[in-house]
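We name chains A, B, ... by the order of the sequence lines, and we start the count at 1 in each one.
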There are 2 protein chains.
Amino acid sequence: MEKLEFKDLDRTFCPVSKAMREIGDRWTLLILRECFWGFKRFDDFQVNLKISKSVLTTKLNHMISLDLLEKQSYKEEGKRTRYEYTFTQKGKDLTKIMLSFLDWGNKYLVNEGEITLKAIDKISKKEVAIDILDDSGKRLKYSALEMKIVRK
Amino acid sequence: MEKLEFKDLDRTFCPVSKAMREIGDRWTLLILRECFWGFKRFDDFQVNLKISKSVLTTKLNHMISLDLLEKQSYKEEGKRTRYEYTFTQKGKDLTKIMLSFLDWGNKYLVNEGEITLKAIDKISKKEVAIDILDDSGKRLKYSALEMKIVRK
DNA sequence: CGGTATCCCGTGTGATACTG
DNA sequence: CAGTATCACACGGGATACCG
């Protein structure tokens with residue numbers, strides 16, 4: 001079997017391409033960010049994100065079809081039925097992507113003195129980091145990395 | 001000083017929003033991926049990504065203006081002057097975002113038996129992971145996280 | 001509150017042709 | 001090879017009105 005070179009490959013095989021096609025739009029990650037903060041209702045998304053209702057409808061339905069979100073109805077005593085959106089495991093697993101964005105954004109796009117967001121450990125209240133680890137758990141630099149083409 | 005609540009905040013303050021505005025388009029991350037693989041020339045990008053030349057020109061110039069890329073000229077003996085694009089530190093620091101996409105894409109968007117890409121340690125040739133760490137270097141679950149509004 | 005149905009518009013993108 | 005210029009268009013997104 002001959003060795004596959006990057007140049008020969010249709011880039012659509014790359015998981016980064018695939019992920020971009022699925023969540024690489026203006027709203028998906030921001031909706032999931034709102035979920036991560038605990039918001040669940042249509043109206044919260046709409047007000048917080050200042051997204052138009054028609055687009056939000058489309059996005060939510062699309063994200064449900066991609067298994068990023070689940071829609072559930074619930075009913076409080078004496079109130080009418082409501083709906084809430086919560087993320088699935090697949091959606092929740094986008095947290096690392098969100099935190100990477102957060103990290104990079106904080107480093108390069110936030111000025112000194114400006115208000116921003118950090119992710120902290122609930123217990124220690126200290127900042128968390130996101131990093132690249134080898135199989136023994138040691139942190140790696142980018143320069144220590146290479147890409148390999150494999151079959152899953 | 002009163003406590004700031006998420007609901008009160010214009011979402012544009014969020015570094016995730018800011019990052020999305022800067023790199024949340026169809027091409028930027030894919031161009032940086034090609035850089036990460038070692039490609040540097042206009043034509044490589046164009047052929048590999050199947051992007052139209054006019055769009056590529058616009059993107060590259062935009063990315064230079066955002067300080068994600070640098071353009072340099074170089075000259076080999078007896079050949080004419082060529083140009084190459086390499087990423088800046090700011091661009092290089094997007095690697096974690098790329099690896100997060102790679103990780104998530106591999107988990108959810110690649111079927112068994114399909115060709116895909118993994119990031120490995122150059123030395124040990126073993127797969128690397130990307131993870132969330134507390135300040136002592138211990139891995140954290142999402143459920144151990146919370147967000148905090150701070151000033152940089 | 002939680003949507004759907006229309007209509008409209010900007011812009012991101014591709015195709016093609018041209019240049020040094 | 002490394003672009004620029006021009007045109008044309010689809011589609012994502014916003015605004016508005018309407019509905020259960």
Side-chain angles (χ1 to χ4, degrees), chain A residues 7 10-12 17 20-35 38-66 68-87, chain B residues 7 10-12 17 20-35 38-66 68-87:
Chain A
K7 287 219 59 116
D10 182 353
R11 294 308 198 248
T12 53
S17 296
M20 287 296 290
R21 280 198 296 283
E22 207 163 296
I23 58 170
D25 73 302
R26 181 170 169 190
W27 291 115
T28 302
L29 229 44
L30 298 178
I31 291 171
L32 287 163
R33 177 194 65 189
E34 296 297 312
C35 293
F39 295 104
K40 299 177 173 182
R41 287 171 31 233
F42 187 92
D43 208 51
D44 287 331
F45 297 145
Q46 208 248 310
V47 171
N48 291 346
L49 295 172
K50 298 179 184 26
I51 183 176
S52 79
K53 293 206 283 182
S54 50
V55 172
L56 181 56
T57 301
T58 310
K59 278 296 156 202
L60 290 175
N61 289 333
H62 189 229
M63 289 169 70
I64 289 167
S65 77
L66 293 175
L68 295 168
L69 291 181
E70 281 171 356
K71 181 176 185 173
Q72 281 144 355
S73 60
Y74 67 100
K75 193 168 173 354
E76 294 173 28
E77 263 308 299
K79 296 189 176 176
R80 66 193 183 84
T81 302
R82 290 275 190 77
Y83 298 95
E84 61 180 23
Y85 299 86
T86 49
F87 43 23
Chain B
K7 287 216 65 115
D10 181 354
R11 294 309 199 247
T12 53
S17 296
M20 287 296 290
R21 280 198 296 282
E22 204 161 301
I23 58 170
D25 74 301
R26 182 171 167 190
W27 292 115
T28 302
L29 229 44
L30 298 179
I31 291 171
L32 287 163
R33 177 194 65 190
E34 296 297 312
C35 293
F39 295 104
K40 298 178 175 184
R41 285 168 34 232
F42 187 92
D43 208 52
D44 287 332
F45 297 145
Q46 209 249 309
V47 171
N48 291 346
L49 294 172
K50 298 180 183 29
I51 183 177
S52 80
K53 294 206 280 182
S54 50
V55 173
L56 182 55
T57 301
T58 309
K59 277 296 157 203
L60 290 175
N61 288 333
H62 188 229
M63 288 169 71
I64 290 168
S65 78
L66 294 175
L68 294 168
L69 290 181
E70 281 170 357
K71 180 176 186 172
Q72 281 145 354
S73 61
Y74 67 100
K75 193 172 175 347
E76 293 173 29
E77 261 310 298
K79 295 190 175 175
R80 66 191 182 84
T81 302
R82 290 276 192 76
Y83 297 96
E84 62 179 23
Y85 300 86
T86 49
F87 42 25

If you compare every side-chain N and O of [X] against the phosphate oxygens of [N] (OP1, OP2), does one of them come in below 4.0 Å?
{"X": "A/Arg82", "N": "C/dC1", "value": "no"}
{"X": "B/Tyr85", "N": "D/dG3", "value": "yes"}
{"X": "B/Lys40", "N": "D/dC1", "value": "no"}

Would you check if [X] and [Y] make a side-chain contact, meaning some heavy-atom pair closer than 4.5 Å?
{"X": "A/Tyr85", "Y": "A/Lys71", "answer": "yes"}
{"X": "A/Lys40", "Y": "A/Gln72", "answer": "no"}
{"X": "A/Ile23", "Y": "A/Leu68", "answer": "yes"}
{"X": "A/Val55", "Y": "A/Lys59", "answer": "yes"}

Check every strand shown and say whether A/Arg80 touches a base, only sugar-phosphate, or nothing at a heavy-atom separation below 4.0 Å.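 Touches a base.
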[X] has an atom [atom1]; how far is it from atom [atom2] of [N], in whole Å?
{"X": "A/Lys75", "N": "C/dC1", "atom1": "NZ", "atom2": "C1'", "result": "14 Å"}
{"X": "B/Leu56", "N": "D/dG3", "atom1": "CG", "atom2": "C1'", "result": "9 Å"}
{"X": "B/Phe39", "N": "D/dA2", "atom1": "CZ", "atom2": "P", "result": "13 Å"}
{"X": "B/Phe42", "N": "C/dT19", "atom1": "CZ", "atom2": "C1'", "result": "13 Å"}
{"X": "A/Tyr83", "N": "C/dG3", "atom1": "OH", "atom2": "C1'", "result": "10 Å"}
{"X": "A/Leu60", "N": "C/dC1", "atom1": "CG", "atom2": "P", "result": "16 Å"}
{"X": "B/Ile64", "N": "D/dA2", "atom1": "CD1", "atom2": "C1'", "result": "13 Å"}
{"X": "A/Leu30", "N": "D/dG13", "atom1": "CG", "atom2": "C1'", "result": "14 Å"}

Once you round to the nearest 0.5 Å, how far does CE of A/Met63 lie from CD of A/Glu22?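 If we round to the nearest 0.5 Å, A/Met63:CE and A/Glu22:CD are 10.0 Å apart.
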Find the distance between CG (B/Leu30) and CD1 (B/Ile51) and round it off to the nearest 0.5 Å.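 One finds 8.5 Å between CG of B/Leu30 and CD1 of B/Ile51.
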Any luck finding a side-chain donor-acceptor pair between A/Thr12 and A/Arg21 under 3.5 Å?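 No donor-acceptor contact under 3.5 Å links the two side chains.
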Using a cut-off of under 3.5 Å, enumerate the N/O to N/O pairs linking the protein to nucleotides 10-18 of chain C.
unit_1 : atom_1 : unit_2  : atom_2 : d
C/dT13 : O3'    : B/Arg26 : NH1    : 3.4
C/dG14 : OP1    : B/Arg26 : NH2    : 3.4
C/dA15 : N6     : B/Ser54 : OG     : 2.8

